[in-house]
J.: 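Here you go, one structure.
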4 protein chains.
Amino acid sequence: MADSARRTGRPRSAAADRAILDATRSALVELGWGGLTMGDVAMRAGVAKTTLYRRWASKSEMVVDAVAVLFDELELPDLGSLRADVESVVLAFAALLERPETKTALMAVVAEATRDDALRTRIRTTIVERQKHLVVEGRRRAQARGELPPDPPGPEGAAAADRAVDLVFDVIAGAVVHRSLVSAESVTPVWARALTALLLHGLSSTTGPAPKTAAEPAPDDRSGGA
Amino acid sequence: MADSARRTGRPRSAAADRAILDATRSALVELGWGGLTMGDVAMRAGVAKTTLYRRWASKSEMVVDAVAVLFDELELPDLGSLRADVESVVLAFAALLERPETKTALMAVVAEATRDDALRTRIRTTIVERQKHLVVEGRRRAQARGELPPDPPGPEGAAAADRAVDLVFDVIAGAVVHRSLVSAESVTPVWARALTALLLHGLSSTTGPAPKTAAEPAPDDRSGGA
Amino acid sequence: MADSARRTGRPRSAAADRAILDATRSALVELGWGGLTMGDVAMRAGVAKTTLYRRWASKSEMVVDAVAVLFDELELPDLGSLRADVESVVLAFAALLERPETKTALMAVVAEATRDDALRTRIRTTIVERQKHLVVEGRRRAQARGELPPDPPGPEGAAAADRAVDLVFDVIAGAVVHRSLVSAESVTPVWARALTALLLHGLSSTTGPAPKTAAEPAPDDRSGGA
Amino acid sequence: MADSARRTGRPRSAAADRAILDATRSALVELGWGGLTMGDVAMRAGVAKTTLYRRWASKSEMVVDAVAVLFDELELPDLGSLRADVESVVLAFAALLERPETKTALMAVVAEATRDDALRTRIRTTIVERQKHLVVEGRRRAQARGELPPDPPGPEGAAAADRAVDLVFDVIAGAVVHRSLVSAESVTPVWARALTALLLHGLSSTTGPAPKTAAEPAPDDRSGGA
DNA sequence: TGGTAACCGAGACGGTACGTCATGTCTTATT
DNA sequence: AATAAGACATGACGTACCGTCTCGGTTACCA
């Protein structure tokens, strides 16, 4: 309605967009970030190079768009307890990072972004921030269940809650990424359980009463203990 | 006697090695990973391109060697408590990641390594494993101070201890890297204290009696609590 | 209709072709064959190296095209007698071989061609065969003047005529090239007269009556006689 | 006596010289001039590159020495008539030029020599001048047989004789080289006979009586006639 | 018989050019 | 005006040889 800015000339092909992003993902799988070229993506998509450059300013931005959709697959099923919810999302996130198109692309675009503000912003809005809602939602549910205390009232309380969300997000995502890509060891259910135990105990003992989950004995607690 | 592997021909110049790695670091600072070229490094080092390729199979491996030495600067000063030790190393690690040569290089080589086994191995042996001793040493000290329980006896106990070290390492390093490079927010002393609190509480409440450090009230606990 | 071989895409720049061949000749003059590099030619022509390689498979083929045009300058002025015509073309050919761009290039590409069939063919069609018409034309004129007997009739006669043309061509071109480039002595009018005398006597005495030209006393016959 | 310049130190290995020149020839056969490298020759000869450079200033000079010896194989057997002698040497020279090591090397070093005075001199003294004696000797024999008139007396006569030798040498060598390498057609006995006929008639008709050889009917005279 | 000086192999070195590849822009003609 | 095709300027790539330079070690002559 309001965007009648483009009226004249041939409109852009929506099919081309889809074909290009599909081609980008398949090229990532086969060639990795380093082997991916604009010309090759164009050829796979049956499209001219010009068409790519008309839509994205750089390879990095195109890849961010191509990969972002994969992160939307992550969901937070309500499994009845915070422990179960966290373990589930840890494993789902690890599985996502195991896929060749994400594994190779994520670190590469982050590396590019260290020198490119626009790209960094695009990554944050397109990928990072959209996943943070998983933490927000999980926390809300846990509070509803009584597993976590409610947010303190007032603007200071909200800020503290935000800081807590950010910390938990960086710890979970960071640990999984580091384990998976830097340490290069696989994220097993055992490891996920240990990480979850560490996290929940860390959260619970500082604030208020012991949550319910702390009472459930974890069978292999020793592996996660220090 | 047994180490006379290289006997014949002109020996490689140690000065060239130094000049190349220095040039690599300064080129990283000025140009970043993406702008760094072998020819430019060679020129800065006053060396021929062939001399680079004679020593390293790729730009990635050269950069790993160039930045690895920076990671060796990390130390674990004995500040008297586990909490202080952890906070100190978190801040030191974050400061290291803020340096332009590490910031731009680390994610890039990790990205490359997702498709290159040799490079992944090189990163692990040259950078990752050598920093893990910080965790080992910190844990040993904390056990000596009575802040953490001693290792369980027997081979199973040792294995559990190894798993614990790995987990803590991935959590600390991962959280810092993710905060710094992916979330692209600075690691402040406040954030470091919150992370440390989360970690120490997580470790303490699973095993045995409450350690001494847990009793110390952290002034801004709310920022790290959930 | 049938010649629409190239329809799509940006057409090749004719200006680039000209600039490249001009640059090749001037580089040959200044640097010689050995000093000529593709990159330098590209720079002189204000063109990218890839543009050269898009047109020619090798330096040799490019140089053949660049010097071929110079050979087209050779003409056969009708000076009224076979002797004068031959002397004229011998001197013109020698002058051409004295030019630095031909002198340095011709032997070099011939040397390359000893191992490269495609190049040999290119030289033959682009340079050698196109000059043979000088012999054919000179012979035709001499026959018209009665200086040489007409071709024998029938296909055998034509074949014999072809063989004669080839032989004369190889003798003239070969002697001039050898004198100029191998013996490295200059082709003077005296030498040209001696060669012409040798050739004309050789041709005349085998067939029929003494032609008119043989009767003209050459002033410095001694220099060419044996 | 006079060559006591080198007294002390280890003398150069004569075996190395032989091995290097042999290796040069075999490398020429396999790789041609363009593919021949100093490193490869050194390896084939079981010798260090330094040893090559201690003996020759350049690849060209080394190759000249390596192929020069092949030209010494040419001989002038006394077949009883000038015609037979010339035909024989034409065919022998052509056979020599058919050998891969000479074919590719001769034109290449001549090409190099167009810009290198020292090399040109080396070629002249090592290859060209040493073959000219074939013409001198053939002429002397023909004079002894009465097939050619004796040299005119006095210094002018000697100079004229020299010029004649040079001309004949350039004609024979040039025609064979041009036919073989530029026109790229094989030198057959028929062609050799035609060239010889042309040459002998050219020489005979200018000076004195018809030589004996002119009386022998050549079976395929037509091929050489014009 | 022990120096000494030039030789030798190996191979690293600073260079230069190679021919290829990808980038991002531009010209065509077509839709 | 968007498209497919493909030529274009640019610039890095990794390789190959060049001719020079260290190395450790080997002869042959001479004192």
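Every chain is numbered from 1, with letters handed out A, B, ... down the list of sequences. Heavy-atom basis, side chains included; hydrogens, waters and symmetry copies ignored.
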J.: Within a strict 4.5 Å, meaning less than it, do heavy atoms of the D:L21 and D:R25 side chains meet?
T.: yes
J.: Hey, are B:D17 and B:R55 close enough for a salt bridge, meaning a charged N less than 4.0 Å from a carboxylate O?
T.: yes
J.: Could you go over nucleotides 17-21 of chain F and give all protein N or O partners under 3.5 Å, atom names and distances?
T.:
unit_1 : atom_1 : unit_2 : atom_2 : d
F:dC18 : OP1    : D:M38  : N      : 3.4
F:dC18 : OP2    : D:M38  : N      : 3.0
F:dG19 : OP2    : D:Y53  : OH     : 2.6
F:dG19 : N7     : D:K49  : NZ     : 3.2
F:dG19 : O6     : D:K49  : NZ     : 2.9
F:dC21 : O2     : B:R10  : NH1    : 3.1

J.: How far does OG1 of A:T125 sit from CZ of A:R120, to the nearest 0.5 angstrom?
T.: 12.5 Å
J.: Can you find a pair of side-chain heavy atoms, one from B:Y53 and one from B:M62, that are under 4.5 Å apart?
T.: no
J.: Would you mind checking if A:R122 and A:D65 are paired as a salt bridge, meaning a charged N to carboxylate O distance below 4.0 Å?
T.: yes
J.: Would you indicate, yes or no, if F:dT3 has its OP1 or OP2 atom less than 4.0 angstrom from a side-chain nitrogen or oxygen of A:R55?
T.: yes
J.: Run the side-chain contact (heavy atoms from CB on, under 4.5 Å) test against A:A27 and tell me which residues pass, sequence neighbours left out.
T.: A:L31, A:L36, A:D40, A:V41, A:R44
J.: Report the C-alpha distance between C:V110 and D:V110 in whole Å, list the side-chain angles of each, state the deciding distance to 0.1 Å, and finish with yes or no for side chain to side chain contact (heavy atoms under 4.5 Å, CB included).
T.: CA-CA 10 Å; C:V110 167; D:V110 166; over 6 Å; no
J.: Heavy atom of residues 101-115 of chain D under 4.0 Å from DNA chain F: which residues?
T.: none
J.: How do D:A45 and B:V47 order along DNA chain E: which one's closest nucleotide is nearer the 5' end?
T.: D:A45
J.: Check the distance between E:dG9's P and D:R12's CZ and give it to me in whole angstrom.
T.: 12 Å
J.: Whole angstroms only, please: what is the CE-P distance between A:M43 and E:dA22?
T.: 11 Å
J.: Separation of D:D17 atom CG from E:dC8 atom C1', in whole Å?
T.: 13 Å
J.: Do the non-hydrogen side-chain atoms of A:W56 and A:I20 ever get within less than 4.5 Å of each other?
T.: yes
J.: Quick one: is C:T51 getting a side-chain N or O under 4.0 Å of the F:dA7 phosphate, OP1 or OP2?
T.: no
J.: Within a strict 4.5 Å, meaning less than it, do heavy atoms of the A:W33 and A:V109 side chains meet?
T.: yes
J.: I need the CZ-P distance between C:R44 and E:dA17, as an integer number of Å.
T.: 12 Å
J.: Can you check the C:I20 CD1 to F:dA7 P distance for me, whole Å?
T.: 13 Å
